[in-house]
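Worksheet: the structure to be examined is printed underneath.
Computed from heavy atoms alone, side chains included, the values below leave out hydrogens, waters and symmetry copies. Protein chains get the first letters and strands the later ones, always in sequence-line order, with residue 1 at the start of each.
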Number of protein chains: 2
Amino acid sequence: MDKNWDDLRIFLALARGGTLTTAAKALGVSHPTVSRRVQVLEKQIGARLFDRLPDRFVPTSAGEELLADTEAMEKAAQSIHRRSAGLSDTVSGTVRLSAEEATAALIARYSAELRSKLQQIEFEVVSSHTLANLSRREADLLIREQVPELHGIVARKLGRLAYAIYAARSLPVKKTTPAALAALPWVGFDDDHLRMQGQSWLLEFRGGRRPEIRGNNWLVLHEAARTGAGLAVLPCHLADPDPMLRRVGGVIPDVFADQWLLVHRDLRALPRVRAVMDAVIALFQRERPLLEGRS
Amino acid sequence: MDKNWDDLRIFLALARGGTLTTAAKALGVSHPTVSRRVQVLEKQIGARLFDRLPDRFVPTSAGEELLADTEAMEKAAQSIHRRSAGLSDTVSGTVRLSAEEATAALIARYSAELRSKLQQIEFEVVSSHTLANLSRREADLLIREQVPELHGIVARKLGRLAYAIYAARSLPVKKTTPAALAALPWVGFDDDHLRMQGQSWLLEFRGGRRPEIRGNNWLVLHEAARTGAGLAVLPCHLADPDPMLRRVGGVIPDVFADQWLLVHRDLRALPRVRAVMDAVIALFQRERPLLEGRS
DNA sequence: TTGTCCATGTTCAGAATTGTACAGCGGGCT
DNA sequence: AGCCCGCTGTACAATTCTGAACATGGACAA
């Protein structure tokens, strides 16, 4: 077959994963892409390769016939991959990832695990709010809440962070009516950071009263909240794993933060940058329940 | 390597062909595409795969290392191709190709050869000037001189036909000055077909005098010219192979006809249509000297 | 029964890729 | 020496592909 070999890679992933979504995750593409690519392949081959059952895709007998050869292609491709690692010294090196503190903390929490996968790659995780360092190559990758309209930047959506109210287990909260909660002491951002998630919500919730303990980053807020200084709106991924905190009520629907992975177009093809991107994307996919407050 | 397998197919073609142009022809893509795809692969792998000598591309030792595995991928892909032929009944069937008479004659001349390559595919070559039959599915493929701006039609340039003055070997042409030639009898299109190639050139060449023998298609003109009825402007691919004709002077620079292969977007993916397209494209590439009057 | 979660299908805007056309260079032939 | 042909590189317009977003449906748990 002298047509596109890459559609066979998609075919194999769907045969193994059984669903468009699972295949898409394994391939690092979107589920509509998997669907379209398989449809194109079926049209080119002139045979249906999958039966669509209610809950999964199953290879037809035609599809089964092609699996062995496609797996042979995969073996050869993997051999090329391993040989490539030996050919190049760009698979090692340093990748700098910049994220806002709470997200940086999340990444840092999994850094040992990421390193076990990324082997020769060292990466630095730094806290930063600005974009300047992507253009000036002070960071290779950024995680941000909006996509800047800058030339040469490409964005990939990682997911959405959820927020909820948390209290220290040591802080007695007898009544959880809004009025009762509003009357308690709170931890929050200072006036220079009112745009941070949950702060405008909190001001409205408390009828305009500012938090009694104020800081300028999530880690400060987290520390204050967990030691009983007051209630706080915190990102779920930060607070739910903390045994000293407990959630008060559910996820706040109006408070969330999208997370976008930003990279300069030219860097994306570098193997070490690509590897870190893939690892970060996989991490956000796997930890999606935690990020969305559903763990 | 879980990246695009298809870049390896391009890599292999260039390793074998040695030039971007040769690889492009083998792959059915353009030479800038081959260049870009190899550059992307080199960037992803992080190693140079080819040395660029003055007259050819030669694999580096890194490139050599990847060749065996890439050939293994190709073997598996070819096995898939063969199995696909067995799976599908759409590789056989009929493909209708419509072209203007002279081009239809060209295709017909090679039809036995084309059939030997296309095996289970039967194709019909019909003479037609119109587009209606592509939209009404009266033809699957068209060869035309312009690309219509119609929804859903995609075009691929086949090449350019050259034209020259021809005389029958039996027709004495003692002097070849423009004046002497203009004074001789000529074969040409009738007044309804003055837009055909070479006709407005001929009118100007003869100071407005119409051809003495007039017809409404190339085959009529060809037949009249070859039997000595008069001089004619004919497409080189039609006249050069005819032993009864000889060229008078060179290719006429101002007289040419681009040939575009037109197909409906949806049909292009069908294996039998794709196969005929590829065969026609290859035919025009191989016969380019004949078409351009350089054989 | 209702709500939540996961999956697929569809649409559209944006990004990526491709082919055409052209320029320039080198080699070979006349 | 000049011309022609083949090749590569580049620019730009057109085409193709992709992902985000949203709607819908089904399954499962409370």
Within this structure, what is the [atom1]-to-[atom2] distance between [X] and [N], rounded to whole angstrom?
X	N	atom1	atom2	result
A/N4	D/dT16	CG	C1'	12 Å
B/I281	C/dT18	CD1	P	16 Å
A/K43	D/dC17	NZ	P	11 Å
B/L14	D/dC7	CG	C1'	13 Å
B/Q44	C/dT17	CD	C1'	14 Å
B/R288	D/dC4	CZ	P	15 Å

**Message:** Between A/R16 and A/E74, does any NZ, NE, NH1 or NH2 come within less than 4.0 Å of an OD or OE carboxylate oxygen?
**Reply:**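 Looking at A/E74 and A/R16, the cut-off is met.
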**Prompt:** Between A/E42 and A/R37, is the closest basic N to carboxylate O distance under 4.0 Å?
**Reply:**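 Result for this pair is no, no salt bridge flagged.
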What I want to check is whether the side chains of [X] and [Y] have a donor and an acceptor closer together than 3.5 Å.
X	Y	result
B/R195	B/S200	no
B/S98	B/R144	yes
A/E100	A/T103	yes

Pairwise N/O distances under 3.5 Å, protein to nucleotides 19-21 of chain D:
| from | atom 1 | to | atom 2 | distance (Å) |
| --- | --- | --- | --- | --- |
| D/dG19 | OP2 | A/S30 | N | 3.0 |
| D/dG19 | OP2 | A/S30 | OG | 2.8 |
| D/dG19 | OP2 | A/T33 | OG1 | 2.4 |
| D/dG19 | N7 | A/R36 | NH2 | 3.2 |
| D/dG19 | O6 | A/R36 | NH1 | 3.3 |
| D/dA20 | OP1 | A/K157 | N | 3.0 |
| D/dA21 | OP2 | A/K157 | NZ | 2.9 |

**side-chain N/O B/R294 vs D/dC5 OP1/OP2, d < 4.0 Å** =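 For D/dC5, OP1/OP2 do have a side-chain N/O of B/R294 under 4.0 Å.
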**Request:** Using a heavy-atom cut-off of under 4.0 Å over every strand shown, decide if A/T21 touches base, sugar-phosphate, or nothing.
**Result:**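 Base, at least one base atom sits under 4.0 Å.
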**Message:** Can you identify which nucleotide, out of D/dT16, C/dT18, D/dG9, has its nearest atom closest to the B/R37 side chain?
**Reply:**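 Shortest atom-to-atom distance from the side chain points to C/dT18.
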**Prompt:** Is a donor on one side and an acceptor on the other found under 3.5 Å between the side chain of A/N4 and the backbone of A/D6?
**Reply:**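 It does hold such a pair.
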**Asked** Could you run down nucleotides 25-30 of chain C 5' to 3' and tag each one B, S or - for protein heavy-atom contact under 4.0 Å?
**Response** ------
**Request:** Find out whether the Lys NZ or Arg CZ of A/R52 is both under 6.0 angstrom from the six-membered ring centre of A/F57 and within 45° of the ring's axis.
**Result:**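 Cation-pi check for A/R52 and A/F57: fails.
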**Item:** More than 12 heavy atoms of other groups within 6.0 Å of B/R246 CZ
**Value:**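 Enclosed: over 12 neighbouring heavy atoms sit under 6.0 Å from CZ of B/R246.
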